[in-house]
Amino acid sequence: MDSTDYEKENRIFTYLNEEIDKCIANKKDDVNYDFIEKASKNYLKSDNIVNKPNNEYVINMPMDRTIKTMLCFFKSIDEVFYNQAKDIIEQKSKTELKIYEKEKMQNIEQRDKEGFAIYTDHPCIESNGKKSVIHIHKTEKIIDIYAIVHEIAHTFCNNKNNNFRAMYTENLSIFFEKLLSEFLIENINSQQLNMEVQNRTNEFSSYYNKNALEISLKTKLTRIKQENGVIKRQDMINCQNEYDKESYQILNLIAAFDNNMNYSSRYVIGDLISSRMVTNYELDPNSTVIKLKEYISYMNAGNCKEALECFDIKLEDSCIVSLINDKNDYYKKLSNEKSKNSIINTIKENDKSDLENR
């Protein structure tokens with residue numbers, strides 16, 4: 001190795017150690033990072049069922065049609081969730097729904113007098129303690145209903161505890177997204193929509209796999225840094241061999257999401273826990289809705305352990321395999337799902353039927 005190569009490698013490892021130091025500094029108290037590391041590693045080993053998403057959506061879904069379908073979906077699950085969603089739509093809630101076209105976005109740094117963003121660069125929900133604002137970028141494609149369902153589901157659980165936000169904040173939203181996919185396939189008789197639902201599911205699964213890779217690397221290297229004081233060349237080689245990645249790919253993953261291990265972990269954990277919820281729901285919808293409300297009550301009270309026990313989940317190694325199996329079963333089932341006899345043949349802009357009263 002000549003001096004130039006040595007200097008380059010030295011810069012890489014200086015950078016890598018600095019980035020991992022930032023990850024360590026951003027760790028949250030009382031978050032089970034050992035469980036997250038093991039869950040992420042096993043997640044990557046599990047069956048990769050889905051095909052590569054193509055990001056193509058051709059079915060037009062005007063926003064009023066999307067809202068009507070969304071309300072019909074929540075009503076099919078439970079009146080409480082339906083009424084909460086309906087209140088948001090009818091502006092009877094402390095949560096405001098803002099829908100705008102992404103191409104018309106302005107400076108995302110702009111804030112209104114209440115401190116909320118005027119525009120955002122992705123669908124999200126903000127809260128100032130008194131009210132919340134849901135931001136949705138209108139595309140008038142199927143992705144709109146997923147975005148609205150996801151963000152409204154966040155309003156069902158209001159825990160602001162760091163532990164909750166670091167690990168569990170995506171559980172409910174991903175759960176409702178998964179039920180939405182099944183609802184659309186079962187209730188709208190359209191082969192094209194079936195394909196687009198499958199494609200959206202593929203996008204989600206690919207995203208969760210990417211998060212699992214990132215969080216697995218970060219937790220592994222964080223543990224090495226804390227145990228040994230420094231990440232060395234052999235550590236990088238081991239990671240390259242284990243994850244089949246080049247060094248620059250590893251560095252890019254380490255630097256993702258502002259050196260924060262918590263952001264990606266919540267999606268990996270969310271995919272696993274939501275799959276257990278879906279498994280329960282498919283076996284007994286009524287009982288699962290009761291459990292879901294108990295889960296929300298526990299989470300809002302900060303009792304995360306008791307909330308997870310509603311679905312027989314413990315943050316222990318022995319639970320990881322069964323959660324992975326539930327996740328694999330869900331994606332296998334959806335990938336093989338065929339459009340059934342429709343209770344909604346088409347949902348058109350001028351549809352005379354009132355889906356909310358079905």
Side-chain angles (χ1 to χ4, degrees), residues 30-50 77 153 157 159 163-182 201-202 204-220 223 242-243 261-262 264-299 303-337:
D30 301 323
V31 174
N32 192 336
Y33 290 102
D34 288 339
F35 178 84
I36 291 173
E37 179 179 2
K38 292 171 183 176
S40 299
K41 189 172 183 178
N42 279 273
Y43 190 106
L44 294 171
K45 291 179 180 178
S46 64
D47 291 338
N48 206 355
I49 306 301
V50 300
I77 298 172
C157 209
N159 192 307
N163 188 1
F164 169 81
R165 289 186 60 78
M167 289 188 69
Y168 310 123
T169 191
E170 297 298 333
N171 295 353
L172 276 182
S173 291
I174 297 175
F175 165 72
F176 281 108
E177 283 177 338
K178 288 177 176 178
L179 290 190
L180 174 63
S181 291
E182 297 186 356
T201 301
N202 293 344
F204 289 139
S205 182
S206 296
Y207 179 70
Y208 302 147
N209 270 279
K210 180 180 177 181
N211 282 307
L213 175 59
E214 177 204 329
I215 202 65
S216 181
L217 273 166
K218 284 183 175 179
T219 50
K220 177 183 178 71
R223 177 172 46 77
E242 181 176 351
Y243 297 98
M261 291 192 292
N262 307 312
S264 295
S265 65
R266 67 186 62 166
Y267 287 97
V268 177
I269 298 299
D271 192 25
L272 295 177
I273 290 177
S274 65
S275 295
R276 170 63 56 83
M277 293 174 170
V278 170
T279 298
N280 277 248
Y281 186 83
E282 291 176 342
L283 291 173
D284 190 340
N286 293 332
S287 173
T288 301
V289 169
I290 293 172
K291 290 180 181 179
L292 206 59
K293 292 175 180 177
E294 292 175 352
Y295 168 92
I296 291 172
S297 179
Y298 279 126
M299 280 296 185
N303 300 322
C304 300
K305 179 181 178 182
E306 291 82 355
L308 295 178
E309 288 176 351
C310 292
F311 293 96
D312 299 319
I313 298 172
K314 295 182 179 180
L315 299 188
E316 299 175 353
D317 295 0
S318 58
C319 195
I320 293 175
V321 173
S322 64
L323 290 174
I324 294 289
N325 288 338
D326 287 339
K327 185 264 293 185
N328 289 343
D329 288 345
Y330 166 77
Y331 287 112
K332 283 179 181 177
K333 177 181 180 297
L334 197 67
S335 66
N336 294 324
E337 188 74 50

D329 versus T279: any side-chain heavy-atom pair under 4.5 Å? no
Taking E282 first and then K178, would you say they form a salt bridge - that is, a charged N and a carboxylate O separated by under 4.0 Å? no
Determine, for R223 against D34, whether the closest basic-nitrogen to carboxylate-oxygen distance falls under 4.0 angstrom. no
What I'd like to find out is whether the side chain of Y33 reaches to under 4.5 Å of the side chain of N262, using heavy atoms alone. yes
Please name the residue in the list S46, S275, S274 that meets the side chain to side chain donor-acceptor pair (under 3.5 Å) test with K327. S46
Relative to each other, are the rings of Y207 and Y267 parallel, tilted or perpendicular (30° and 60° limits)? perpendicular
The test is side chain to side chain contact (heavy atoms under 4.5 Å, CB included); show your working for L213 and Y43 and say whether it passes. CA-CA 9 Å; L213 175 59; Y43 190 106; over 6 Å; no
Could you give me the CA-CA distance, side-chain angles and deciding distance for D326 and L272, then say whether side chain to side chain contact (heavy atoms under 4.5 Å, CB included) is met? CA-CA 7 Å; D326 287 339; L272 295 177; over 6 Å; no
Determine whether F176 and L292 satisfy the following criterion, side chain to side chain contact (heavy atoms under 4.5 Å, CB included), listing intermediate values before the conclusion. CA-CA 11 Å; F176 281 108; L292 206 59; 4.0 Å; yes
Contacts of K314 meeting salt bridge (Lys or Arg N to Asp or Glu O under 4.0 Å) (sequence neighbours excluded), chain-then-number -> none
Would you say M299 and L172 make side-chain contact, with heavy atoms under 4.5 Å? no
If you define the side chain from C-beta out and look only at heavy atoms, does anything of E242 sit under 4.5 Å from K41? yes
Euclidean distance, L334 CG relative to F204 CZ, rounded to 0.5 Å: 11.0 Å
K291: partners by side chain to side chain donor-acceptor pair (under 3.5 Å), with sequence neighbours left out: N280
